[in-house]
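These notes concern the structure reproduced below.
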Amino acid sequence: MEESYSPAQIEQKWQQRWDETAQYKAEPRDDREKYYVLEMFPYPSGRIHMGHVRNYSIGDVVARFKRLQGFNVLHPMGWDAFGMPAENAAIQHGTHPAKWTIENIANMRKQLKKMGLSYDWEREFATCDADYYRWEQLMFLQMFDKGLAYKKSSSVNWCESCQTVLANEQVEDECCWRCGTEVSDKELDQWFFKITAYADELLEDTYNLPGWPESVLTMQRNWIGRSTGCEINFKTEDGAETISVFTTRQDTVFGATFMSLAPEHPLAQKLTTAEQKEDVDGFIAKVKKQDKKKRTSEDFEKEGVFTGTYCINPVSGCKMPIYLANFVLMDYGTGAVMAVPTHDQRDFDFARKYDIPMVVVVSPEGEELNAEDMSEAWTAPGVMVNSAQFNGLDNESAKEKIADYLEEQGFGTKSINYRLRDWGVSRQRYWGTPIPIVYCDSCGPVPVKAEDLPVVLPRDVEFKGEGGSPLAQHAAFYETTCPKCGAPARRETDTFDTFVESSWYFARYACPHTEEAPLNRDEANYWLPVDQYIGGVEHAVMHLLYARFFTKVMRDLGLLDISEPFTNLLTQGMVCKETQSCPEHGWLYPEEVQDGRCSKCGSEVIGGRTEKMSKSKKNVVDPDHLIATYGADTARLFSLFAAPPEKDLEWNEQSVEGCYRFLNRVWRAVYENSDIFSRPIAGDSAPEARTLRRKTHQTISKVTRDIEGSFHFNTAIAAVMELVNSVYAVKDKAACCGAIREALETTVRLLAPFVPHICEELWSIMGQNGSIDAIGWPEADVELMQEDEKLIVVQINGKVRARITVPASASNADVEEQTLADDQVKRFTADKTIRKIIVVPGKLVNVVVA
RNA sequence: GCCGAAGUGGUGGAAUUGGUAGACACGUCGGUCUCAAAAACCGAUGCCUUCCGGGCGUGCGAGUUCGAUUCUCGCCUUCGGCACCA
């Protein structure tokens, strides 16, 4: 055995061996329970970052731990390979997105392999493979048939100067990131997935996911935003048009004194009178430029314009002026709001501004509200007034009664509304999955025939960054014939949102090579659902909701049997680091800083805030460097030990060194005791040996609990560190040989999921044959764990004043007696009366005195 | 703005169900070894203090309790998401 630990050789040796024996290849089998652990697959940006190291280290601990516990583990990896950065690289450096992506994947695969992650690499795929996206195209056709994919008009960010669509990310301060031109809205016909058809099920099932963090479920519920209320119809004064509104406050309908429409509302132009046309057009143009997020925020100036026409309140007969208002969004409800200024703050502000009458219809109990004197809307519960036959009811029960009344009278219907909107999947970009549709002048949009799939993304395109998607200029791609009538037709040149690929990849891993269908039913049913899914919190709503939606769609298409994709979810925190910048050169990479100075100009470097590691801020650490210096085991150990998985992790070079030092310490402990690994474990009789054995078994118990229950790897590792410290602390080694052997063997077995290379090596050095994977997870001996004595904390009036040791078997009365006999206790109670003595068995005594 | 989190020593973090605040590690200080240094090993380390004793202390302010990092209410700060970044 080498005296010192050298990770480079060891890691290469074991990675090669795992590879050769295909140790982590997964196959369905009946003799073991399956366990599918998955980490969110990476976008192939070129190099792995610390966030990946952390995510995949966490996943690998779970995979290895479950394997040791005897599960048949599936642990796959692949690439979320479509997306904008590849196109940006093409525009900036002239590299083809395909070439760029493939090279990046090759590099990142190499990096991941160096980390010793126990993946079944035979299942690897990239979403830009036609063998993957062809099935997505097929599912799209099936969704189209079922009406789950449809087209409607929707707006995009448009740069007039570049003649191209911009992603939200490409819009900086409402201007184009490339040319600075002000961004405008442009209406395009786009494809949508009808996720709202599943809104109820997606909501209901959040209550069947006990393995998910409650915070994520809450966010999803709020995102879906189900609300129950009424749809009420308001006829215009001349009776020609009907404006339909959705409201959850039908109890206030008698107080509706005006109508607000979204500026985008289809009736907006139609209802505008000639005198008002100029004002209205000006207002619409202005609102179009406003940010949607800001438009609805509370402190944003509420503005509107009168259309010149009126509608009639069906219950009160009130003549209501119709306004367009900037805070009404077309996307939510019907795009029209019945305005009740007395009981809605926005309506209140609006009514005051434009001098619109107000009528109080809900009054706080025992108080009378006067509309003129109100300084804000009354939104709390109260008693109905000015509401005909409903007067005197409390407004909550009036909600139900008025809803019934509206239905009886034919004024409206009870209705459920969602905040959730349908999922727009069209992207005017090249590097994505082509949408398999053909536009025919006589047949309209016609789906490509299933047997003609895949619609392959052509390679020979040009990238200029302006003038829209290269596909739309690629005649050989878009010129085609109608699948229905054979006439010349134009192919759809939009591609899918990349969230589509990541919505079903986890299922494809179950059967990545299936050639007949998106999924092989047997294999999918064997492996799915994913037992443990692990990834960043930033995906808490969108990705996870889309994946849940897609799972239900795949079920309804008959592709698989499950309704929920991920049984347990772990959302990990981000990896952060202090930012550094130079007054001259802006943000600096850590390697551009030498002795606190900028390596380019020598200026003093300014230390900034600790933020999420990101390329834009350059506060990134290259895992390659870390692995080259300390080895993969240290990189893994650091990312697991520095913080619990769900919290943010702050980068700290010194803490990395500490982890490396610990592995050296383990190595040396084995080296220094290398002569004892043939000794019988239970042979020692010294009390010190018994103490060490107790610690060993307590550690097994603690580590198992920490991994299994809560993935608290940091405390699990701390417990093993304590055990190693106990080995070093043994005074009479000769009397404890067996106990030391047991402690060290246990250390290596408990650390195996975290730092597999060094553990494999030490395990073989200890004279064991075969991989440590084969030995299984250790079990704690409960007998050996028992303590003989307990330390009891003694408090006087809640303050710790003494500590006493009692036999583990001591009764409450014994403990009380011993407490009162204690000198320190006597000192504090001497001239006082004892009022009460509280005994918490095995822990604490509190003596209350006065 | 809306939704969801998080605030504990010089630092990262720990603390089963309301029961010793600071496990483990980093850093710092001291010691052993060495010609010396590194490494390693051993020890100390929340703050204050009138120091063999005591006080204060888990973002801030209240409350419940014999007892609160933990529960309740109200603030402050930071972070994530907000539908075309992935």
Side-chain angles (χ1 to χ4, degrees), chain A residues 4 40-43 45 80 82-85 88 154 156-157 165-171 190 195 213-223 225 292-300 331 419-429 497-499 502 536-543 545-546 571 573-574 576 609-612 638 641-644 646-659 661-662 664-665 668 705 709 712 714-715 717-722 725 728-729 791-800 803 835-838 840 843-849:
Chain A
S4 61
M40 291 178 185
F41 64 167
Y43 177 78
S45 55
D80 187 14
F82 275 138
M84 249 184 359
N88 292 340
S154 173
V156 292
N157 303 313
V165 175
L166 299 176
N168 287 343
E169 195 195 40
Q170 298 171 317
V171 178
Q190 305 195 66
I195 190 171
E214 202 51 47
S215 58
V216 173
L217 295 174
T218 307
M219 281 191 262
Q220 295 215 346
R221 285 171 200 143
N222 292 338
W223 186 264
K292 268 189 200 151
K293 239 180 273 172
K294 281 196 202 135
R295 246 172 78 182
T296 50
S297 72
E298 222 159 83
D299 52 358
F300 198 76
D331 305 323
R419 204 188 74 97
L420 178 70
R421 306 198 300 264
D422 278 338
W423 173 15
V425 293
S426 294
R427 296 291 180 271
Q428 296 69 38
R429 298 186 205 293
D497 175 7
T498 58
F499 269 127
S502 57
V537 249
E538 63 273 21
H539 294 294
V541 178
M542 302 186 63
H543 161 60
L545 192 68
Y546 293 150
T571 48
M574 297 168 309
C576 304
R609 289 201 313 207
T610 298
E611 293 185 62
K612 174 183 175 174
F638 165 73
F641 177 64
E646 68 277 8
K647 291 201 14 180
D648 287 352
L649 182 152
E650 202 181 315
W651 171 258
N652 182 336
E653 179 87 28
Q654 280 164 337
S655 179
V656 175
E657 265 172 40
C659 290
R661 210 176 300 159
F662 170 67
N664 274 286
R665 210 167 139 79
R668 210 170 38 251
R705 237 180 316 128
H712 280 175
N714 56 332
T715 53
I717 293 163
V720 181
M721 286 175 170
E722 283 189 55
N725 289 346
Y728 273 87
L791 179 73
I792 305 289
V793 171
V794 180
Q795 298 182 335
I796 313 285
N797 284 351
K799 295 202 172 187
V800 180
R803 292 178 173 85
R835 288 281 158 87
K836 206 200 256 182
I837 299 178
I838 294 148
V840 181
K843 284 208 168 136
L844 167 143
V845 180
N846 189 10
V847 183
V848 184
V849 296

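Convention: sequence-line order gives letters A, B, ...; per-chain numbering from 1. Owing to the predicted nature of the structure, the values given are computational and were not obtained by experimental measurement. Computation of the quantities below employed the complete heavy-atom set of this structure, encompassing side-chain atoms and omitting hydrogens, waters and symmetry-equivalent molecules.
A heavy-atom distance below 4.5 Å is found between the side chains of A/Tyr546 and A/Ile195. Residues A/Leu217 and A/Glu214 have side chains in contact (heavy-atom distance under 4.5 Å, counting atoms from C-beta outward). Between A/Phe662 and A/Phe641 there is no side-chain heavy-atom pair separated by less than 4.5 Å. A heavy-atom distance below 4.5 Å is not found between the side chains of A/Ile837 and A/Val848. A/Glu646 is not listed as a side-chain neighbour of A/Val537, based on a closest heavy-atom distance of 4.5 Å or more. Here the side chains of A/Tyr43 and A/Thr498 are not in contact, with every heavy-atom distance at 4.5 Å or above.
In this structure, B/rC79 forms a base pair with B/rG4, meeting either the Watson-Crick or the G-U wobble geometry with both donor-acceptor distances under 3.5 Å. Nucleotide B/rC29: paired with B/rG43 (Watson-Crick or G-U wobble, both distances less than 3.5 Å). Pair assignment for B/rU16 gives none, since no Watson-Crick or G-U wobble pairing has each distance under 3.5 Å. The base-pairing partner of B/rU65, taking Watson-Crick or G-U wobble contacts with both distances under 3.5 Å, does not exist among the strands shown. Pair assignment for B/rA21: none, as no Watson-Crick or G-U wobble contacts are both less than 3.5 Å. If you check B/rG53 for Watson-Crick or wobble pairing at under 3.5 angstrom, you find it paired to B/rU49. Shown here, B/rG9 forms no base pair; nothing in the strands shown gives a Watson-Crick or G-U wobble contact with both key distances under 3.5 Å.
Among B/rA86, B/rC82, B/rG7, the nucleotide with an atom closest to any side-chain atom of A/Lys647 is B/rG7. Side-chain proximity of A/Val840 to B/rC24, B/rG19, B/rA14: nearest is B/rG19. The side chain of A/Tyr43 has B/rA86 as its nearest neighbour among B/rU20, B/rG13, B/rA86. Checked against B/rU20, B/rG13, B/rC85, the side chain of A/Arg803 finds its nearest nucleotide in B/rU20. Checking B/rA21, B/rG4, B/rA14 against every side-chain atom of A/Asn222, the shortest atom distance belongs to B/rG4. The listed nucleotides are B/rA83, B/rA15, B/rA86; the one nearest the side chain of A/Asp80 is B/rA86. Nearest nucleotide to the side chain of A/Met219, out of B/rU20, B/rG12, B/rG80: B/rG80. Nearest nucleotide to the side chain of A/Met84, out of B/rC82, B/rC85, B/rA23: B/rC85. Set against B/rC24, B/rA83, B/rC84, the side chain of A/Val165 has B/rC84 as its closest nucleotide. Of the candidates B/rC85, B/rG13, B/rU20, the closest approach to any side-chain atom of A/Asn168 belongs to B/rC85.
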With 3.5 Å as the limit, what N/O pairs link the protein to nucleotides 66-76 of chain B?
{"from": "B/rC66", "atom 1": "O2", "to": "A/Asn846", "atom 2": "ND2", "distance (Å)": "2.5"}

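No donor-acceptor contact under 3.5 Å links the side chain of A/Glu538 to the base of B/rC82. Taking 3.5 Å as the limit, the base of B/rC84 and the side chain of A/Gln428 contain a donor-acceptor pair of atoms between them.
Classified by its glycosidic torsion, B/rC35 falls in the anti category, the angle being over 90° from 0.
Residues A/Ile717 and A/Glu214 each lie close to RNA chain B; by heavy-atom proximity, the contact nearer the 5' end of the strand is made by A/Glu214. Between A/Leu649 and A/Asp422, the one whose closest nucleotide on RNA chain B sits nearer the 5' end is A/Leu649.
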| query | Nucleotide by nucleotide, 5' to 3', does protein get under 4.0 Å of the base (B), only the sugar-phosphate (S), or neither (-) in nucleotides 36-54 of chain B, counting heavy atoms? | reply | ----SSS----------SS
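Atom P of B/rC24 sits at a distance of 13 Å from the matching atom of B/rG46, rounded to the whole Å. If you take atom C1' in B/rU11 and the same atom in B/rG4, they sit 28 Å apart, rounded to whole Å. The P atoms of B/rG7 and B/rG13 are separated by 9 Å, rounded to the nearest whole Å. Between the P atoms of B/rA23 and B/rA44, the separation comes to 12 Å (whole Å). Across the P atoms, B/rG80 and B/rG9 are found 22 Å apart, a figure rounded to whole Å.
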